[in-house]
J.: 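Here you go, one structure.
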Amino acid sequence: MDQKLSTSGNKYSVLLPTYNERDNLPIIIRLLTKTFEDNGINYEVIIIDDASPDGTLEVAKSLQGIYGEDKIILRPRSGKLGLGTAYIHGIKNATGNFVIIMDADMSHHPKYIPDFIRKQREKDYDIVTGSRYISGGGVYGWDLKRKMISRGANLLADILLNPGVTDLTGSFRLYKTYVLKDIIEATVSKGYVFQMEMMVRARQFNFTVAEIPITFVDRVFGESKLGAGEIVGKRDGITNSDCLLVWASTFVFFFVPIFYLFSTFYIPLSPPSLSPHLKMGSFLSIFKTTPPGSPKYDERGSKFTLLQNQTTLAQRFPNTFLILEVSTSTEDALCKDMDLCIAKGTQLLAKISLYKGSSSQIRQAISNPTPENEQIAWESLTPMVSLLHECYHLSCNIESQIPRVLSVILSNPSPDDDQVYSHYSQIAKKFAQIMDYSFQFDTLKFGLSDIQNDLSYYRRMISRIRDRDDGVIEKGKLLSNDITNQMSLFYAYHNPMVKTIVDQTQRTIKNTDKSSFLSNLVMLSAGSINSIRKGTPSSTLNLYIRILMTTSIMYDWISEDGVFQPSSEIPILEVVSVIRDYTMANASGYLVSIQLSCKNFNNPKTPQPVKKAFI
């Protein structure tokens, strides 16, 4: 027994997702318990079974009776919900200060766990990951084709993402529990990309990572938790031995999702101006004839292939236009409130673009917790958290206005009431400006890896500061625990502002006619497309595009099948074509934003022509 592993008070929680592992589970549990007990390691094994039809859960219950309920924890789920969500489910029940993730199929041998622990203790690493691709590591049971795919995936990921590890797709790792929680909160992908993004997030958050060599052994019994449906785009398998096909498959499976997940972009908002040739009227004016003075249809954005049984919005609603070129009177209370949000958003975008974070000061305070270092970290941290609080407070204000905005833009007044139509146009324009702020904010936030670290350290510090009586820090200026918890949840998402608006929209229409709401989204999309193709000033083109993006995202979240399916009333390929043809260099940014904000893009049922259109 290695005495070094039995001297600390650490506890190690093993997360063991299972699906059809009844043959493997008794063996892996025996190997785990023997390894831990031989090395004097305090442990628990959390089994997350996804309703295995082969009786895995019954076997797990028998093992729990043998080894004890304190050592074998059962946390079954109702169905096969995926590997990433299994980790999320498991960590909620973990009581250890370290978490080990591994496969239950004996691909990962527990004999390496003491090596993980020793390596972690060398320099108090946040993460230790097993690698097949460093000296002493390897793979047993794979043919050349599969090795080439795995190697190729890691090579591409290393070139594109520079993650700092050699085995990005591996899943045998040791984490500090709080580190794993922070990473999982920020991780947005599923399936294969989930493991890859976890390590890229670790690098973004400045967590320390070490590697140890392991030998991976291919499974003998059971079924993989990572089914084809969780890989980006379902495939029937690689059957051609041609190396070109192997590398092409590697490209599709790994390069495309990585590009989308980690691309960043920035699209500036142009100031609005008045278009003289468009009459003041409803933002959804239904014209029986072509508006006088309007230019001829631009042919850009009209050449594309639709999904089966779809018709373009331009053909279905040729006389529907979205009019945003209006005056901006602020006499209306809602207009005034929206103007305040727009002005505040403009200020915060300038500030958040300069966000530096306090990672270096925090790391110094943690590694050498002297009063001086903690004070330096705190002084660096407080203005950062204050800015984050301002942004969060603005999100709450915008959230409170969404029901009022929807009540205006989704109503159907008389088309003869120009005053009411003018009000609609103003609200629609201001809503487009708020969405522009939201997309820009989410883009900037996506590239700020320090936010979670800063909030996490702030939350730890405020409880300690409140217990002090030194008077150095004025306690009245501290944010409450409730506020910091809400902020942490808000910033855990990769698109917090757009998500806030979409969530509030879903709550607002929960008890209303969803089909009517979806029809309004379709009409807004048609109005945007027709107005863009009729000719709109460059000063307002961005706003039309933002409305088009917003309607597509909301439709995807609220409709049963989403916006990417042939059944969608908003033909997403028409939307993509218009964005590409009219925004040119900025198109990739707009399209990535749509993809990351939608719910169903990575659904295995998403047609390949749609996925290719976003490349």
J.: Could you give the distance from CD1 (Ile352) to CG (Leu387), rounded to the nearest 0.5 Å?
T.: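 Here the interatomic distance stands at 4.0 Å.
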J.: Tell me every residue that passes side chain to side chain contact (heavy atoms under 4.5 Å, CB included) with Gln361, counting only those two or more places apart in sequence or in another chain.
T.: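 For Gln361 the side chain to side chain contact (heavy atoms under 4.5 Å, CB included) partners, ignoring immediate neighbours, are Ser358, Ile376, Ala377, Ser380.
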J.: Is Asp105 reaching over with its side chain to a backbone N or O of Ser107, donor-acceptor style, under 3.5 angstrom?
T.: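 Flag set: sc Asp105 to bb Ser107 pair under 3.5 Å.
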J.: Determine whether a donor-acceptor pair (N or O, by modelled atom type, separation under 3.5 Å) exists between the side chain of Ser171 and the backbone of Met102.
T.: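 Checked: no pair found.
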J.: Are the side chains of Ile127 and Ile183 in contact, using a 4.5 Å heavy-atom criterion?
T.: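 SC-SC contact between Ile183 and Ile127 confirmed.
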J.: For Tyr355, give me all partners under side-chain hydrogen bond (donor to acceptor under 3.5 Å, both in side chains), at least two apart in sequence or on another chain.
T.: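 Testing Tyr355 for side-chain hydrogen bond (donor to acceptor under 3.5 Å, both in side chains), a comparison that skips the adjacent residues, returns Asp454.
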J.: So, using side chain to side chain contact (heavy atoms under 4.5 Å, CB included) as the criterion, who are the partners of Ser456 when residues are at least two apart?
T.: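 By the side chain to side chain contact (heavy atoms under 4.5 Å, CB included) rule, Ser456 matches Asp182, Arg460.
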J.: To the nearest 0.5 Å, what is the distance between OG1 on Thr18 and CG on Leu57?
T.: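 Between Thr18 OG1 and Leu57 CG, I get 7.5 Å after rounding to 0.5 Å.
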J.: Donor-acceptor pair, Asp50 side chain versus Arg77 backbone, under 3.5 Å?
T.: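 Flag not set: sc Asp50 to bb Arg77 has no pair under 3.5 Å.
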J.: Can you tell me how far apart CD1 (Ile47) and CG (Leu74) are? Round to the nearest 0.5 Å.
T.: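 Taking CD1 in Ile47 and CG in Leu74, the distance rounds to 5.5 Å.
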J.: Mind checking ring-ring contact (aromatic ring centres under 6.0 Å, His included) for Phe36 and listing every partner two or more places apart, or none if nothing turns up?
T.: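 With neighbours one apart ignored, the set is Tyr43.
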J.: Measuring from Phe446:CZ to Leu596:CG, what's the distance to the nearest 0.5 Å?
T.: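 Between atom CZ of Phe446 and atom CG of Leu596 there are 6.0 Å.
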J.: Could you tell me whether Arg118 and Asp115 make a salt bridge, using a distance below 4.0 angstrom between a side-chain N and a carboxylate O?
T.: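 So Arg118 pairs with Asp115 through a salt bridge.
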J.: Looking only at heavy atoms, which two atoms of Tyr175 and Met199 are closest? And how far apart?
T.: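 In this case the closest contact between Tyr175 and Met199 is OH-SD, 4.1 Å.
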J.: Mind checking side-chain hydrogen bond (donor to acceptor under 3.5 Å, both in side chains) for Glu58 and listing every partner two or more places apart, or none if nothing turns up?
T.: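 Testing Glu58 for side-chain hydrogen bond (donor to acceptor under 3.5 Å, both in side chains), a comparison that skips the adjacent residues, returns none.
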J.: Within a strict 4.5 Å, meaning less than it, do heavy atoms of the Met497 and Lys445 side chains meet?
T.: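 The answer is no, as the side chains (C-beta and beyond) never meet within the 4.5 Å cut-off.
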J.: Which atom pairs, donor and acceptor, lie under 3.5 Å between side-chain atoms of residues 26-34 and protein residues at least two apart or in another chain?
T.:
from	atom 1	to	atom 2	distance (Å)
Thr33	OG1	Ile29	O	3.1
Thr33	OG1	Arg30	O	3.0
Lys34	NZ	Asp38	OD2	2.8

J.: Could you state the interatomic distance from CD1 (Ile134) to CD1 (Ile214), rounded to the nearest 0.5 Å?
T.: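 Atom-to-atom, Ile134:CD1 and Ile214:CD1 are 9.0 Å apart.
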J.: Among residues at least two apart in sequence or on other chains, which ones pass side-chain hydrogen bond (donor to acceptor under 3.5 Å, both in side chains) with Gln452?
T.: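 If we apply the side-chain hydrogen bond (donor to acceptor under 3.5 Å, both in side chains) test to Gln452, skipping adjacent residues, there are no hits.
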J.: Donor-acceptor pair, distance only, cut-off 3.5 Å: does the side chain of Thr177 make one with the backbone of Gly96?
T.: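 Yes; at least one donor-acceptor contact below 3.5 Å.
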J.: Which of parallel (below 30°), tilted (30 to 60°) and perpendicular (above 60°) describes Tyr458 and Trp378?
T.: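 It falls in the parallel class, under 30°.
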J.: Using every non-hydrogen atom in the two residues, find where Pro369 and Ile366 come nearest and quote the distance to one decimal.
T.: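 The answer is CD-O, 3.7 Å.
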J.: Asp124: what forms a side-chain hydrogen bond (donor to acceptor under 3.5 Å, both in side chains) with it, not counting sequence neighbours?
T.: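 Listed in chain order: Gln120, Lys176.
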J.: Specify the closest pair of heavy atoms between Ser131 and Thr166, including all atoms of both residues, with the distance to one decimal.
T.: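 Looking at all heavy atoms of both residues, the closest pair is OG-OG1, 2.6 Å.
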J.: May I ask you to test the Tyr12-Ile113 pair for a side-chain heavy-atom distance under 4.5 Å?
T.: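 They are not in side-chain contact.
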J.: Got a sec, which residues hit side chain to side chain contact (heavy atoms under 4.5 Å, CB included) with Thr95, two or more places apart in sequence or on another chain?
T.: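 Expected list: Lys11, Glu44.
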J.: For residues Cys598 and Phe564, determine if any side-chain heavy atom of one lies less than 4.5 Å from a side-chain heavy atom of the other.
T.: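 Touching, per the 4.5 Å side-chain cut-off.
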J.: Checking Tyr392 now: which residues fulfil ring-ring contact (aromatic ring centres under 6.0 Å, His included) with it, not counting sequence neighbours?
T.: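 Here the qualifying residues are Phe490.
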J.: With sequence neighbours left out, what residues match Phe172 under ring-ring contact (aromatic ring centres under 6.0 Å, His included)?
T.: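 Partners of Phe172 under the ring-ring contact (aromatic ring centres under 6.0 Å, His included) test: His108, Phe116.
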J.: Quick one: pull up CZ in Arg22 and CG in Asn20 and give me the separation to the nearest 0.5 Å.
T.: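 So the CZ of Arg22 and the CG of Asn20 are separated by 10.0 Å.
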J.: Quick one: side chain to side chain contact (heavy atoms under 4.5 Å, CB included) partners of Lys119, sequence neighbours excluded?
T.: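 Applying side chain to side chain contact (heavy atoms under 4.5 Å, CB included) to Lys119 gives Glu122, Tyr125, Val128, Ala210, Ile212.
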